[in-house]
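Residue numbers begin at 1 in each chain, while the letters A, B, ... track the order of the sequences.
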Protein chains: 2
Amino acid sequence: MSPSQRDLHDRDCSPGNWPGCDGTEQHADCIHCHIRHLTICGAFEPAELAHVERIVAHRHVTADHQLFEEHEPSEYVYNLASGAMRLCKLLADGRRQITGFALPGDFLGLATRGKYSYTAEAIGDVTVCRFKRAALMALFQRFPQMERRLLGLANDELAAAQDQMLLLGRKTPVEKVASFLFTLSKRLERLGRSGPIFTLPMARADIADFLGLTVETVSRSFTKLKGAHAIALPTPERVEFTNPHVLEALATGEITLQP
Amino acid sequence: MSPSQRDLHDRDCSPGNWPGCDGTEQHADCIHCHIRHLTICGAFEPAELAHVERIVAHRHVTADHQLFEEHEPSEYVYNLASGAMRLCKLLADGRRQITGFALPGDFLGLATRGKYSYTAEAIGDVTVCRFKRAALMALFQRFPQMERRLLGLANDELAAAQDQMLLLGRKTPVEKVASFLFTLSKRLERLGRSGPIFTLPMARADIADFLGLTVETVSRSFTKLKGAHAIALPTPERVEFTNPHVLEALATGEITLQP
DNA sequence: CGAATAGTTGACATCTTTCAATACGTGTGG
DNA sequence: CCACACGTATTGAAAGATGTCAACTATTCG
């Protein structure tokens, strides 16, 4: 939010180990990558992965530091290997909108015409696979199925963006938070973290900027969801779906909370 | 908005003339299409257009009728040839969010995983080029540059969707309307309709559902923009940018209007 | 000419934000 | 091991902005 954050860049992260993908250190080991099937690399035969390994590098970003910034020339494309990131856009006076949260397997920096369309910040420490954009494009020439898969990813992102527009434009705070929890839960489930009970990777302030609300309203909405017995919060970060059906009905606006 | 609108489908529009593209009637004449350069067909050599002509059909949709509906299997993909369309999503109780407006040259029904992600309704009468999805995909196999162009289109749409999220989540009503007018103006300019003075294709209610506001608030925001001498409205549909710089500054939040 | 539709304006209600205070949890240092 | 301090989350009270309801105007179309 503050301009001073710009001084916090952490761009010279030296290559190191890769805790989110496997136990190896120093360089890429795509063949043993645990999240390959979740991302574009899943389009490759094991033998072809050698081509990917040749153009990939690993980077670490520490908590609250930026991987890249909006409007910066998009020389690189990234695949999130471990951790979580917030993707945000800023207004002149500091108002912030988070356009999405990246989880392991997500591609970053694709939706671009030469420049990044958002800033990517680490929530907690993060590991990414970095590709030089031009090298990846060259790879696409040889493996057209990769480009097709990329188109599928872009379409999925687009559909998610449209859902988020409906949320931002027309849902109430409780509906927004219910939708957010429901959607996040399904994403975490795909990553193998159990579905109806999980840990929020991001703080209330991030959730607020994602849903177009203030932290206070987010907090009050959590409280209302607790009151409706839709969720439980053993700690502020730990979420349990005590009544998923009610939560989903609240998220879609099928039912409303009275008081 | 009302469920009864579902009875208004106009799916059996017989093939007819194609006023938005050229003067011919009955069947496609892609070579003389005036908007080809604005869309995916611009990726073809004139000779290759014959392949496109073979799989395209024209359709007319009359005002306020649907071309396709959200959740419907997406058998077809469309290219808007003339007119304008609203792309909308509905909540159970009728709340509506317009995720975008389609103008000539825009592709419809791409961002999909088997089912359309929004409903497309005609604003006024409309002409579209219809492609069977499978046939278009087959064409992509032969012309990979077309797929690349499609990926570019998807990326542009994604960037626009992110801008819209910032608008919906964090901008004030006046900023929303100013942004909307500014962006629409640039799109119309590309289509050859003069930039700083143009006609709104859509009603206030559509603008409201696009910006996450009510008609009344949209109307009041127009009035405020008039008061700031940023725009003039000779008629409710006719917009003139009397001070584009002020309008842009208002749109980005750089300046604010005092009551 | 009258009815219908769309847009604008006004008065008021409501809900979210704002501002302020309190509670909670974690980590540090005595 | 406890006390304290800091950051985060929650709760409360008040203010303000947008939504709601209603009236009025303008334009279009029979």
Side-chain angles (χ1 to χ4, degrees), chain A residues 1-2 63-64 86 91 93-97 123-124 167-177 180-181 199-227 231-239 253 256-259, chain B residues 1-2 5 63-64 86 91 93-97 123-124 167-178 180-181 199-227 231-239 253 256-259:
Chain A
M1 182 181 291
S2 64
D64 294 320
R86 63 179 87 93
L91 245 27
D93 58 2
R95 279 174 286 174
R96 185 178 74 154
Q97 177 67 38
I123 307 175
L167 179 148
L168 289 168
R170 289 305 181 204
K171 291 191 180 178
T172 66
V174 169
E175 289 167 357
K176 285 179 176 181
V177 172
F180 165 70
L181 291 176
T199 301
L200 290 173
M202 70 292 288
R204 296 291 187 270
D206 288 338
I207 299 175
D209 283 342
F210 182 56
L211 302 179
L213 301 169
T214 59
V215 272
E216 292 93 335
T217 303
V218 169
S219 185
R220 282 185 247 268
S221 301
F222 269 107
T223 305
K224 285 180 187 169
L225 289 176
K226 274 195 295 187
I231 63 169
L233 292 175
T235 75
E237 304 79 38
R238 194 120 198 105
V239 180
T256 313
L257 296 183
Q258 289 322 321
Chain B
M1 182 182 289
S2 66
Q5 265 198 347
D64 294 321
R86 64 179 86 92
L91 246 27
D93 59 3
R95 278 174 287 173
R96 187 177 72 156
Q97 178 67 39
I123 307 175
L167 178 149
L168 289 168
R170 289 306 181 202
K171 290 190 180 179
T172 67
V174 168
E175 290 167 356
K176 285 180 177 182
V177 172
F180 164 70
L181 292 176
T199 301
L200 290 172
M202 70 292 287
R204 295 291 188 271
D206 289 337
I207 299 175
D209 283 342
F210 182 56
L211 302 179
L213 300 170
T214 60
V215 272
E216 293 92 335
T217 303
V218 169
S219 186
R220 281 186 247 268
S221 300
F222 269 107
T223 304
K224 285 180 188 168
L225 289 176
K226 274 195 296 185
I231 63 169
L233 292 174
T235 75
E237 303 80 37
R238 196 119 197 107
V239 180
T256 313
L257 296 183
Q258 305 308 336

> Which is it for A:D209 and A:Q97 under the side chain to side chain contact (heavy atoms under 4.5 Å, CB included) test, yes or no, and what are the steps along the way?
Replying inline: CA-CA 5 Å; A:D209 283 342; A:Q97 177 67 38; over 6 Å; no

Between [X] ([atom1]) and [N] ([atom2]), how many Å, whole number?
X	N	atom1	atom2	answer
B:L213	C:dT8	CG	P	14 Å
B:E237	C:dT8	CD	P	9 Å
A:K176	C:dT16	NZ	C1'	10 Å

> Starting at the 5' end of DNA chain C and moving along, which residue's nearest nucleotide shows up first, B:E216 or A:R220?
Replying inline: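 Per heavy-atom nearest nucleotide, the more 5' residue is B:E216.
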
>> On DNA chain C, compare the nucleotides closest to B:F222 and A:G212; which residue's is nearer the 5' end?
In response: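 Checking each residue's closest nucleotide, the 5'-ward one belongs to B:F222.
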
>> Looking at every heavy atom in both B:L211 and B:K176, which two are closest together, and how far apart are they?
In response: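 Of all heavy-atom pairs spanning B:L211 and B:K176, the closest is O-NZ, 3.0 Å.
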
> Looking only at heavy atoms, which two atoms of A:K224 and A:L257 are closest? And how far apart?
Replying inline: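 Closest approach of A:K224 to A:L257: O-CD1, 3.8 Å.
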
> Taking any atom under 4.0 angstrom from a heavy atom of chain A, which nucleotides of DNA chain D are the first and last to qualify, 5' to 3'?
Replying inline: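 The protein-touched segment is D:dA9 to D:dA13.
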
> Does B:L213 offer a backbone N or O that forms a donor-acceptor pair with the side chain of A:R170 under 3.5 Å?
Replying inline: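 Looks like yes, one N/O pair under 3.5 Å.
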
>> Closer than 3.5 angstrom, by distance alone: can the side chain of A:R204 be matched with the main-chain N or O of A:P236 as a donor-acceptor pair?
In response: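 Side chain of A:R204 to backbone of A:P236: a pair is present.
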
>> If you compare every side-chain N and O of B:R204 against the phosphate oxygens of C:dT8 (OP1, OP2), does one of them come in below 4.0 Å?
In response: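 For B:R204, the contact criterion (side-chain N or O under 4.0 Å from OP1 or OP2 of C:dT8) is met.
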
> Of the nucleotides C:dT17, C:dA11, C:dG7, which has the atom closest to the A:T217 side chain?
Replying inline: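 Output: C:dT17.
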
>> What's A:T235 touching, base or sugar-phosphate or nothing? Going by heavy atoms closer than 4.0 Å.
In response: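 Result for A:T235 = nothing.
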
> Starting at the 5' end of DNA chain D, which residue's closest nucleotide do you reach first, A:L233 or B:T214?
Replying inline: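 Whichever sits nearer the 5' end wins; that is A:L233.
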
> Under the side-chain contact (heavy atoms from CB on, under 4.5 Å) test, which residues partner A:A205, sequence neighbours left out?
Replying inline: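 In terms of side-chain contact (heavy atoms from CB on, under 4.5 Å), with neighbours along the sequence ignored, A:A205 is linked to A:V215.
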
